[in-house]
Amino acid sequence: MRDERLTFFGYFRNIYTAVKSSLIGMWITFRYVWGKKPVTVEYPEVRDVLPDNTRSRLYNDALNCISCNLCAISCPVDCIYISSVPRPKDLEVPKCDDGTPKRQVLTQYVIDTALCCYCGLCTVVCPTECLTHTDDYEYSQYMVEDMKYDYLTDDLIAWRDRIVKT
Amino acid sequence: MQTWDMDLEELKEEETSLPGSKLKTELLTVNMGPQHPATHGVLRVEIKTDSEVVAQAIPHIGYLHRCMEKHCEAIDYRGILPFVDRLDYLASMSQELTYSMAVEKMLGTEVPRRATVIRMIISEMQRIASHLMAFGTYALDLGAFSPFLYAFDEREKILTLFEDISGARLLYNYFWIGGVWNDLTDKNVEYIKEFLDNFEPELVKYDRLVSQNRIFQERTMGVGTLSLADAHSFGATGPVLRGSGSAWDLRKVDPYLFYNEVEFDVPVGEGQRGSEIGDCYNRYYVRMLEMVESVKIIRQSLKLLEPGPTLGKVSKVIKIPKGETYTRTECPRGELGIHLVSHGEKTPYRLKVKSPCFTHTSILPHIAPGQMIADFVASIGSIDIVLGEVDR
Amino acid sequence: MQDGIVLTKVDELLSWGRKNSLWPMTFGLACCAIEMMATGASKYDLERFGCGAFMATPRRADLMIVAGTVTLKMATRVKILWEQMPEPKYVISMGSCANKGGPYWQHGYHVLKGVDEVVPVDVYVPGCPPRPEALIEGLMVLQKKIANERILHEKWVRNV
Amino acid sequence: MKEYCMRSGLEMYNDLISSINSAVTNANASLISPGEEEVGDSSVLVNPESIFEVMSFLKPLYNGLQVISGVDYTEYIEVCYFLAHFDPENPKDVMIKTRLKDRQDPRLNSISSLYLAANWQERECYDMLGVSFNNHPDHRRILCPDDWEGFPLRRDYKVQEVYRGMKVNPENKMNRDDQLFEDNKQKGNEADLIAWALSKGL
């Protein structure tokens, strides 16, 4: 596009620079054949080591939850649904692993992971650290309804043994 | 703002008054986008062409209008951070910086020194990552595939660092109000140093591979020239303004963080390598030079790191007194401004984002007339828009 | 026509061929598109699954990866694009926004609450944005689904 | 009190206001600055009828328009213009405000002949807040579709239910059951619920 008057030598200089810059580019690319380590992670067989604070699927250890509602309040997208009832007075108050008394009976703990934005705001406010981000990211589903996880169902409570490191 | 309409009328007159021709010609309308590999997202441009020359280009935006400003009126100040991330998803850290600086300015919070230095390091790393993406996709737009792979290769290294400190790969939520979430460990500092040492030869390689390439130069030089007066009038900032020859950089003009304690130059488009000032090549080249400057800044700010706290004192429930502010910082794509109006509640009354990409997209109809369609693609790429920020 | 061992084997062969040559469409909407590009780049290399040939036109593609927020303005275009794809076609909904509206479900007056309102979705990949590995895993889940499909059986046995 | 401008403080504002008032009749420029227990930046309030004249006066002083922002304060709609002087040697910027009392048909004169940036910014202001601009070359919606109803960032905005056959808020996606869980279950028998939860060791 530049306004250059094309001279006889300019014509050949153009050809020379074009060929030269192409060859330089090809040489840079060609050097990748040897001498460079492949960077590809062969995913299903080899996995990257994720850092400790990685933010993937949420898991609530319902047995340690004191139904404080802090996570639901801090969630910017309102995808955590908790309900609880006060514990009847005639029953003794159980304690969490770290000694916090559970004054409420948790009756529902649902997270809709199809809405979650994985911001991590809910896990930092959790007083008993029962709500955590796990490093599990492989949970694609065929149905969108399956993405709503009720953490009081038996299979998810059983999942605790695999997730929670003691 | 009648420029392109006038152009169109002139063009029609010219066509109809061709000597000896009684053929009536019409302009052909070509619809580019919203699904198009070269529009960087969901930009739709309605192009009126005369053969292959663009006579008029009308951008249609709003295909990614995610109602972010409406959400901000209902969400507390901490919860807005993830939404601010999603504005310019290629430079989330810089967006977070602007937002948290706006809130801190209203609250009067003091950010600890270590947190400020970490912010500076990380936002410059983010600038490198964002410019790498711009470089890779720009080369991809112009038909070169391998620079894309090289750029992503280096970008992945930066993302690995970000993932290590924040836990996420793309949308970090790392700069909190009052500081940063996690501290930068010694291991991270070593990683950054190692990355910078490896990155400088890469920049030389990119320069030889793309910037000095004759074909690339022919595609970009003298294309999409934007004069300085027009750039000012459009309110252009960032590499677009600097490519037009102005040394306006908010980091120099109004230093925030510790940019006054480090030394760096502001790269300006000066018609390097025989290009015109303000053309696509200059805008591209300013980005490449900015990466060099970012490397300089990071090296100097790593020396400023001192042990200390990383999160200032902020109350658990943030309530901002009545008032309003307009805060702006220099993001990779230009100046991002946040106009925050508070009524003393837990949520902002209004949060308006001045996005540089929105401003830059409005330049497109101005520089399009008279270009070939392929050059128009080069113009879009050189402006480097992110549709998430254009539409918000 | 009877369902027999020959038909089953041919079906398997066809499914095997189809699942290993899914060609996705270049169709990025928002943040997830960057992760989709990262998946296609050198570190994660989608080409290993026969899925790296990003087609620029819907007419040559088998797979639409809806990567990002679908707004109401865009939804009609998504539907047009899906209709242009030749059969058999598959849709992966990538990320929270495409699954159910994501973070924008509550006050998003202009956001479509899930791309399944306009096109049928085969696999939902969670994440905001999903890691490249998560997208690959979603792809493998889709491949599993395709492997169980029986095209000739559907066509010749069941419909007769 | 903090000032908005980077380099210059209140003196600059006072000078600017007096020069605006002397140059433009009916401008009624006045200073808005945060009072006690308020924080933030100061700005200049001008009369909405004379916005074009004020901007013509300011154009030689500030060469760029950054953004036009609008706020809906139920009684009136406020439109803010952020002007900046993009000169590394002499950086300055100012916030000009104007208030429109008429909510039914708020009107302003367009400044798109002065600043090229104003074209799209004014379109956005119209799209989001319904402020119309006289003499605008291309007065359309910009972010929302052309056939969209209402102005989203007004405080009394109600979203339309259906747009071109697509439900904006479909019932099955809104998680109503989860949000109403408390009411539904607790209206039933609480004792059963507690027994069910206790059996899980909660």
Side-chain angles (χ1 to χ4, degrees), chain A residues 1-4 13-33 36-41 48-58 70-80 115-125 127 132-135 137, chain B residues 71-72 74-76 78-83 85-86 144-147 149-150 152-153 156-157 160-169 171-174 176 181-182 205-206 208-225 274-276 279-280 316-317 371-372 375:
Chain A
M1 294 292 282
R2 283 173 297 175
D3 293 331
E4 286 174 2
R13 202 171 55 234
N14 271 353
I15 294 176
Y16 169 71
T17 48
V19 169
K20 187 184 148 204
S21 56
S22 304
L23 283 179
I24 288 174
M26 280 174 169
W27 172 240
I28 289 171
T29 319
F30 189 69
R31 277 192 304 189
Y32 269 71
V33 178
K36 294 271 178 185
K37 267 193 272 178
V39 290
T40 310
V41 181
D48 258 359
V49 182
L50 297 186
D52 294 338
N53 56 354
T54 187
R55 300 209 300 264
S56 289
R57 185 179 187 171
L58 280 166
L70 280 178
C71 47
I73 293 167
S74 69
C75 181
V77 299
D78 288 355
C79 70
I80 305 177
L115 299 177
C116 179
C117 72
Y118 302 87
C119 57
L121 288 174
C122 50
T123 55
V124 290
V125 296
T132 46
H133 278 290
T134 63
D135 53 1
Y137 46 81
Chain B
H71 276 83
C72 292
I75 297 170
D76 57 350
R78 279 202 181 86
I80 290 173
L81 269 169
F83 286 88
D85 270 342
R86 282 157 181 77
F145 191 75
S146 44
L149 294 175
Y150 299 154
F152 257 75
D153 213 2
E156 285 291 338
K157 287 180 193 165
T160 312
L161 168 77
F162 287 174
E163 193 185 357
D164 206 32
I165 55 175
S166 74
R169 265 176 59 87
L171 308 170
Y172 312 103
N173 191 12
Y174 178 65
W176 280 5
W181 187 354
N182 295 319
K205 190 173 81 181
Y206 300 154
R208 290 181 67 205
L209 185 67
V210 180
S211 309
Q212 292 182 13
N213 190 301
R214 177 78 193 202
I215 302 165
F216 183 81
Q217 289 181 353
E218 288 289 322
R219 285 292 304 274
T220 51
M221 283 184 181
V223 171
T225 311
S275 57
E276 283 174 38
D279 63 0
C280 292
K316 274 196 172 174
V317 177
Q371 294 184 328
M372 298 284 212
D375 290 343

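Order of the sequence lines fixes the chain letters, A, B, ..., with proteins taken first and strands second; residue numbering starts at 1 for each chain.
- Atoms CD and NZ, from B:Gln212 and A:Lys20 in turn, are 7.5 Å apart once rounded to the nearest 0.5 Å.
- Between B:Phe83 and A:Val77, the closest side-chain pair of non-hydrogen atoms falls below 4.5 Å.
- B:Tyr206 contributes atom OH, which lies 11.0 Å from atom CD1 of A:Ile28 (distance to the nearest 0.5 angstrom).
- The part of B:Leu171 that comes within reach of chain A is its backbone (N, CA, C, O), which places non-hydrogen atoms under 4.5 angstrom from that chain.
- The heavy-atom pair separating A:Thr29 from B:Ser146 by the smallest distance is OG1-OG, 4.2 Å.
- With a threshold of 4.5 angstrom between heavy atoms, A:Val124 approaches chain B through side-chain atoms but not through N, CA, C or O.
- Residues satisfying the side chain to side chain donor-acceptor pair (under 3.5 Å) criterion with B:Asp279, sequence neighbours excluded, are B:Asn282.
- Counting all heavy atoms, side chain and backbone alike, B:Gly79 lies closest to A:Pro76 at O-CB, 3.4 Å.
- Distance check: B:Lys316 NZ to A:Leu70 CG gives 7.0 Å after rounding to the nearest 0.5 Å.
- Put simply, the side chain of B:Ile215 reaches to within 4.5 Å of the side chain of A:Ser22, judged on heavy atoms.
- The main-chain N or O of B:Tyr172 is found under 3.5 Å from a side-chain atom of A:Arg55 such that the two form a donor-acceptor pair.
- B:Glu163 and A:Pro51 make their closest contact through O-CG, 3.4 Å (heavy atoms, listed as atom of the first residue, atom of the second, distance).
- With a 4.5 Å cut-off on non-hydrogen atoms, B:Asn213 touches chain A through its backbone and its side chain both.
- Note: A:Tyr32 OH to B:Leu149 CG = 9.5 Å, rounded to the nearest 0.5 Å.
- Considering only heavy atoms from C-beta on, A:Val19 stays 4.5 Å or farther from B:Arg214 through its side chain.
- With rounding to the nearest 0.5 Å, the separation of CD1 in B:Ile75 from OG in A:Ser74 is 12.0 Å.
- Between B:Arg86 and A:Cys117 the shortest side-chain heavy-atom distance falls below 4.5 Å.
- Considering SG of A:Cys119 and CZ of B:Arg78, their distance stands at 12.0 Å, rounded to 0.5 Å.
- Proximity to chain A (any heavy atom under 4.5 Å) is restricted, for B:Ile165, to the backbone atoms N, CA, C and O.
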